[in-house]
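Structure first, then comments.
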Amino acid sequence: MKNRRDFLRNSLGLGAGLAAAPRLFAAPQEKGASMDMEHMSHAIQRGGSRIVSVETPDVPQLSWRMDGNVKEFHLIAEAVKQEIFPGRIVDLWGYNGSAPGPTIQVNQGDRVRIIVDNHLPEATSMHWHGFEIPIDMDGAPGSSQDPIPPGGRFVYEFTLHQEGTYFYHSHMAMQEMMGMIGTFIMHPKEPYKPRADKDFAIIVQEYAILPNINVPNSMNMEFNWLTFNGKSGPANTPLIVRHGERVRIRLINLGMDHHPIHLHGHQFVVTGTEGGRQPQSTWGPGNTVLVGVAQSRDIEFVATNPGDWMLHCHLPHHMMNQMSSMVGPMSRRTGMPAGLDMERGMGMLRQGSATSEENGPSLGRGMGVGSTAEQTMSNSPLKAGNAMQHQDMPDMQKQGMQMGKPEVSKNANSVPGFPQDAFMEGPMMAMDQMVDKPENFDLRPGWSGFMAGMMTFVRVLPPDKYDQIMELRKKQEGDKPMKMDMPGMEHKHE
Ligand SMILES: [Cu+2]
């Protein structure tokens, strides 16, 4: 028990940062307390067949300690500040400083203990989604347990006989919409066949974050920030694959929408659901998988086609960032003028927040221009003069936007329907430098102008380029503190 107390004290001191780390691991291992280093090195040897660990780009892995034969994890439910897009730092709720929370990986048959501390200002409860475990461990607030009060703790412990792609989440509905979910992988006792060379997991989430406010509106039914593992394109990290490898991607959804996730350049098969591995006889080819709310889907393919292939939700509004209603009156002459001035029409509030009493009725539920200020605009021709241009926006340039010349024809204003995509994406929205990282190495210049929302790349790379990126990654990791949820944990890559 002494070890356990030490562990808890150390891991509770997350805020102490790396300075606290040496103490934690310099301590001699007593009474069977040891880390499962085999797992931490991201490779599991079993019966001569290697199972790779699951990578969750942009989300840390959760480390554990062994207490006898029990794998012990520690999750802290808390408010987090997270940059979901360059310059857009928002207030989410998550676990151990991240939303989604850190990824848990265990083996089928493991005895697992998860200590959950509630650092939120209100009660919470942790549900283990799809787990076949005793009712008192299910985390259903009110029925299977009392909610965990603010400042409280609940210790969950169970043996896991399942395998597959699972997740944990707060069972308070509104907290789910604040980000409170995490990936929980159960590796199979008998390795899946065929073996995957790369294994990834992505949690898809959606937030309604209204203008001039950093807190998601969990009551909203429309979403303007769509994320893969807590980042919106182009801020998320591409999946790096070597040409010829077999790839598994596990997709998890717990939001208000179902997401059709589409992969370019490859057919795949759906090999698993939130209930585990599916029999091979059910695998039919596809390139889009509908990941419904509360579901997970595993897809697999052999990366035979070199290139930087898009992986994205195919709902058009889920391929955008920071959507708000178009502003009709400021630029259009035909049609009746709507009731808002330009600033409010664009959602630039001068006082209060979007959910304040004053603005709430128009902004609280819809995006930008709300139900009480419906626009009468149609997509009718704009007034005469120059087509809308973006290059005279020095502020945005200062912020690192590339702001190249927009591709708008001379007669654009006379074409009904304009502007549409010209102002949602394109070269002038590019920010390659702002999102520079090893995994983005050598993408086509300007690529970032066309990535938004639930969108990333599967980069199927020839060996030399693959090795180059791995080198860059290694170098970067040497330069900065490890991105683990616990200080000092070494996060080794293969
Ligand atoms: Cu979607």
Side-chain angles (χ1 to χ4, degrees), residues 1-14 21 23-46 51 53-54 56 60-77 95-96 101-118 124-140 144-146 148 152-169 171 182-190 276 484-492:
M1 279 317 285
K2 177 179 176 291
N3 274 352
R4 187 165 158 208
R5 275 199 307 277
D6 286 347
F7 168 78
L8 292 176
R9 197 173 56 235
N10 279 304
S11 45
L12 278 167
L14 289 178
R23 271 182 290 129
L24 181 55
F25 292 98
Q29 294 176 351
E30 308 162 51
K31 292 176 189 168
S34 66
M35 300 301 302
D36 186 341
M37 292 314 291
E38 192 181 35
H39 186 101
M40 293 316 298
S41 70
H42 273 200
I44 299 167
Q45 302 283 341
R46 197 183 284 111
I51 297 177
S53 259
V54 174
T56 45
Q61 302 281 331
L62 188 59
S63 54
W64 72 85
R65 72 185 280 275
M66 291 305 293
D67 180 18
N69 65 340
V70 181
K71 264 183 194 166
E72 185 176 274
F73 297 87
H74 190 184
L75 284 172
I76 298 171
Y95 300 94
N96 302 25
T103 302
I104 295 178
Q105 302 194 43
V106 302
N107 296 321
Q108 187 177 20
D110 278 350
R111 181 79 180 168
V112 172
R113 180 184 304 133
I114 302 139
I115 299 158
V116 178
D117 280 318
N118 181 11
T124 189
S125 188
M126 186 72 101
H127 176 56
W128 312 97
H129 192 98
F131 291 30
E132 296 182 327
I133 50 177
I135 180 68
D136 55 340
M137 292 290 117
D138 187 54
S144 79
Q145 68 169 83
D146 289 333
I148 311 169
R153 162 178 294 184
F154 195 95
V155 179
Y156 296 88
E157 186 169 327
F158 34 72
T159 302
L160 295 167
H161 69 88
Q162 293 158 284
E163 46 71 28
T165 305
Y166 294 84
F167 47 101
Y168 60 88
H169 66 85
H171 210 283
T183 297
F184 197 117
I185 303 294
M186 301 184 205
H187 291 287
K189 236 176 208 132
E190 291 301 318
M484 287 294 289
D485 66 290
M486 272 176 56
M489 278 305 307
E490 194 134 342
H491 190 203
K492 290 178 189 159

Compare all side-chain heavy atoms of [X] with those of [Y] and state whether any distance is below 4.5 angstrom.
X	Y	value
P102	L75	yes
V106	F184	yes
N107	K71	yes
Y166	M186	yes
I185	T165	yes

- Query: About how many Å separate CG of D138 and OH of Y156, when rounded to the nearest 0.5 Å?
  - Reply: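 Here the rounded value is 9.0 Å.
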
- Note on the structure: The reported gap from CD in E163 to CD in E190 (rounded to nearest 0.5 angstrom) is 11.0 Å

Taking all atoms of both residues into account, what is the closest heavy-atom pair of [X] and [Y], and its distance?
X	Y	answer
R153	D117	NE-OD1, 2.7 Å
V155	M137	O-CE, 4.1 Å
N118	I148	ND2-O, 2.9 Å
S144	G139	OG-N, 3.4 Å
Y95	H169	OH-C, 4.0 Å
N96	I76	OD1-N, 2.6 Å

- Any chance CG of D146 has more than 12 other-residue heavy atoms, nucleotides or ligands included, within less than 6.0 Å? no

- According to the interplanar angle, ranging from 0 to 90°, do the rings of W128 and Y168 count as parallel (below 30°), tilted (30 to 60°) or perpendicular (above 60°)? tilted

- Query: According to the interplanar angle, ranging from 0 to 90°, do the rings of H127 and H129 count as parallel (below 30°), tilted (30 to 60°) or perpendicular (above 60°)?
  - Reply: perpendicular

[X] side-chain N/O to [Y] backbone N/O, donor-acceptor pair under 3.5 Å:
X	Y	value
Q105	V54	yes
Q162	E132	yes
E72	M66	no

